[in-house]
Amino acid sequence: MRTQVAIIGAGPAGLLLSHLLHLKGIESVVLETRSREEIESTIRAGVLEQGTMDILTETGVGERMKREGALHHGIELAFGGRRHRIDLTELTGQAITVYAQHEVIKDLVAARLAAQGQLLFSVSGTSIEGVETDKPRVRFMHEGEQHTLEADFIAGCDGFHGVSRPAIPDSKRQDYQRIYPFGWFGVLVEAPPSSDELIYAQHERGFVLVSTRSPTVQRLYFQCDPKDSVDNWSDDRIWNEFHTRLENGDGWRLKEGKIFQKGIIGMRSFVSTPMQHGRLFLAGDAAHIVPPTGAKGLNLAVGDVKRLAQGIDDFYRSASEAGLASYTEQALKRIWRAEYFSWWMTSMLHTFEDASPFQRQIQRAELENVVNSRALSTALAENYVGAF
Ligand code: FAD
Ligand code: DHB
């Protein structure tokens, strides 16, 4: 088998890269370990920045997002028994859309298949060879047979646990990491929305995020022990925790409903550099992870592949390797700003068990500053919508 770009991983990064390359007349093959059903139903991100909405719309895969996604012009920060609105649109002229990541995946898979794109699901034993030559190869098993896919480039879009990042020798790589001492317990609930906008709530018992998926399905998270098990949490216990952390006696009440999905995610900040080695280029979670508080992970993946598709197009169109050569350097500027923002939001909104009374007061003062200073509210809003 031969193609121009071998793409490992059919997450948002791999699928969007394949779609962008196709629009530029460049062929790719996408290899994915999971089944189509699995990638189209895994519950993950929900917030799309303006730039992500724009690229999906401009490239013809944004129609359902426009119709079914919810455009939000603000978010709320809740602490000390009060809620404070950050008006994203007034402060930045931009907005966000709440539209589930697996819906983006469905739209991209449909577009690739409609264009006769090659997506191979349920592959196994993926391995990468020859990235230091101009004929890199991916070996894998598909439907019981061993295959070798030869390409001009390999795009490692296989997430944090994939095979692409380890294919860059340790001696050439530097990893930066912080693991947080808490996780998020996420639930999907059949209920109407409790709020018109997302609520990021700080409480002494821990952070809560009130998000949404549709007029009838809500997405809620609360800070938990990352080693806890969903089996320890009955529905009653979950609702008690949400009510305690969110309500202050002013009459507003979180609407309950049937909980039909539960899961715990760990939280880390991680950057691996360089994001390229020879003919191998990493994009998305394969190269970097952010804690979810800033809603940046999916959006960063989109930013990476936009840049990578441009570099690959320059290579074929004008034999210029400049875009590809500067891929890591250019991508890292945006990545580190998002790493900073996600770390900042996480630090400001979560409860650190080992925090001293002094640190707790400073954390509260920081929140007061953010909601009372137009400059700081603007900085939060600009980062949140990705306005740079
Ligand atoms: P992935 O989505 O991880 O895709 C990688 C794909 O590669 C997977 O399908 C995997 O099966 C496949 N793969 C792995 N190994 C191999 C292999 N060896 N061979 C072939 N295929 C392989 N981000 C936001 O922007 N906003 C949010 O609101 C947000 N909320 C989140 C909430 C949760 C609960 C979680 C878990 C994440 C959230 N994120 C959010 C982060 C976001 O989901 C990720 O950043 C995003 O999925 C990254 O996309 P990706 O394509 O790089 O990687
Ligand atoms: C969602 C997830 C996030 O991490 C976030 O910051 C906002 C919303 C969500 O799943 O809806």
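Counting starts at 1 for both ligands and their atoms, in listed order.
- Those atoms of ligand 1 with a heavy atom of Q101 less than 4.0 angstrom away are 2 (O), 42 (C), 43 (O), 46 (C), 47 (O).
- Put simply, the side chain of R173 gets close to the backbone of R165: a donor and an acceptor are under 3.5 Å apart.
- By the 30° and 60° cut-offs, the orientation of the rings of F341 relative to W344 is tilted.
- Just one residue in the list I8, I39, V123, L15 forms a side-chain contact (heavy atoms from CB on, under 4.5 Å) with E32, and that residue is I39.
- Using a 4.0 Å cut-off between charged side-chain N and carboxylate O, K66 and E63 make no salt bridge.
- Within 4.0 Å of ligand 2, contacts by protein heavy atoms are made from R44, G46, V47, W184, L198, Y200, L209, S211, R213, R219, Y221, P292, T293, A295.
- Applying the 4.0 Å criterion to heavy atoms of G297 picks out, from ligand 1, the atoms 23 (N), 24 (C), 25 (O), 41 (C), 45 (O).
- Taking any N or O of H161, backbone or side chain, none lies under 3.5 Å from an N or O belonging to ligand 1.
- In this structure, C157 has a heavy atom closer than 4.0 Å to ligand 1.
- Of all the atoms in ligand 1, the ones that sit under 4.0 Å from a non-hydrogen atom of G11 are 2 (O), 4 (O), 6 (C), 51 (O).
- By the criterion of a heavy-atom distance under 4.0 Å, both the backbone and the side chain of L298 are placed next to ligand 1.
- In summary, the atoms of ligand 1 found under 4.0 Å from a heavy atom of D158, numbered by their order in the structure, are 5 (C), 7 (O), 13 (N), 14 (C), 15 (N), 16 (C), 22 (C).
- The pair R178-E339 does not meet the salt-bridge criterion, since no charged nitrogen lies less than 4.0 angstrom from a carboxylate oxygen.
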(message) What verdict does the side-chain contact (heavy atoms from CB on, under 4.5 Å) test give for T351 and R245, after you've listed the backbone C-alpha separation in whole Å, the side-chain angles of each residue and the deciding distance to 0.1 Å?
(response) CA-CA 12 Å; T351 297; R245 295 189 193 186; over 6 Å; no
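- Checking side-chain atoms of Q359 against main-chain N and O of S356 turns up a donor-acceptor pair under 3.5 Å.
- The distance from ligand 1 to the heavy atoms of K296 drops below 4.0 Å at these ligand atoms: 24 (C), 25 (O).
- Remark: the Y221 side chain and the R219 side chain contain an N/O donor-acceptor pair separated by less than 3.5 Å.
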(request) For E256 and H243, run side-chain hydrogen bond (donor to acceptor under 3.5 Å, both in side chains): C-alpha distance rounded to whole Å, both residues' side-chain angles, the deciding distance at 0.1 Å, then the answer. (result) CA-CA 10 Å; E256 291 189 17; H243 291 307; 2.7 Å; yes
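- Taking the six-membered ring where tryptophan is involved, the planes of H84 and F79 are essentially parallel, since the angle between them stays under 30° and well short of 60°.
- Between Y384 and Y200, the two ring planes are perpendicular [angle over 60°; tilted spans 30° to 60°].
- The nearest non-hydrogen atom to atom 34 (C) of ligand 1, considering only I265, L282, I105, V302, comes from I265.
- The aromatic rings of W184 and F207 sit parallel to each other, their planes meeting at less than 30°, with 60° as the upper class boundary.
- Within ligand 1, the atoms closer than 4.0 Å to a non-hydrogen atom of G284 are 52 (O), numbered from 1 in the order shown.
- Checked against a 3.5 angstrom limit, the closest N/O atoms of I43 and ligand 1 fall outside it.
- Aromatic ring pairs are classed by plane angle as parallel below 30°, tilted from 30° to 60° and perpendicular above 60°; the pair F352 and F182 is perpendicular.
- Relative ring orientation between H147 and H142 is described as tilted, the plane-to-plane angle lying within the 30° to 60° band.
- Of the candidates A45, G125, G156, A100, it is A45 that places a heavy atom closest to atom 39 (N) of ligand 1.
- Residue-to-ligand polar distances place P12 within reach of ligand 1: an N/O pair is separated by less than 3.5 Å.
- Judged as a salt bridge (charged side-chain N to carboxylate O under 4.0 Å, His left out), and not counting sequence neighbours, D158 has no contacts.
- Short contacts between ligand 1 and G46, defined as distances under 4.0 Å to a heavy atom of the residue, involve ligand atoms 27 (C), 28 (O).
- Among the atoms of A295, some N or O lies under 3.5 angstrom from an N or O of ligand 1.
- Those atoms of ligand 1 that come under 4.0 Å of a heavy atom in Y221, given as number and element, are 32 (C), 34 (C).
- Considering backbone and side-chain atoms together, R219 places no N or O closer than 3.5 Å to any N or O of ligand 1.
- The closest non-hydrogen atom to atom 13 (N) of ligand 1, taken over D304, T33, T126, comes from T33.
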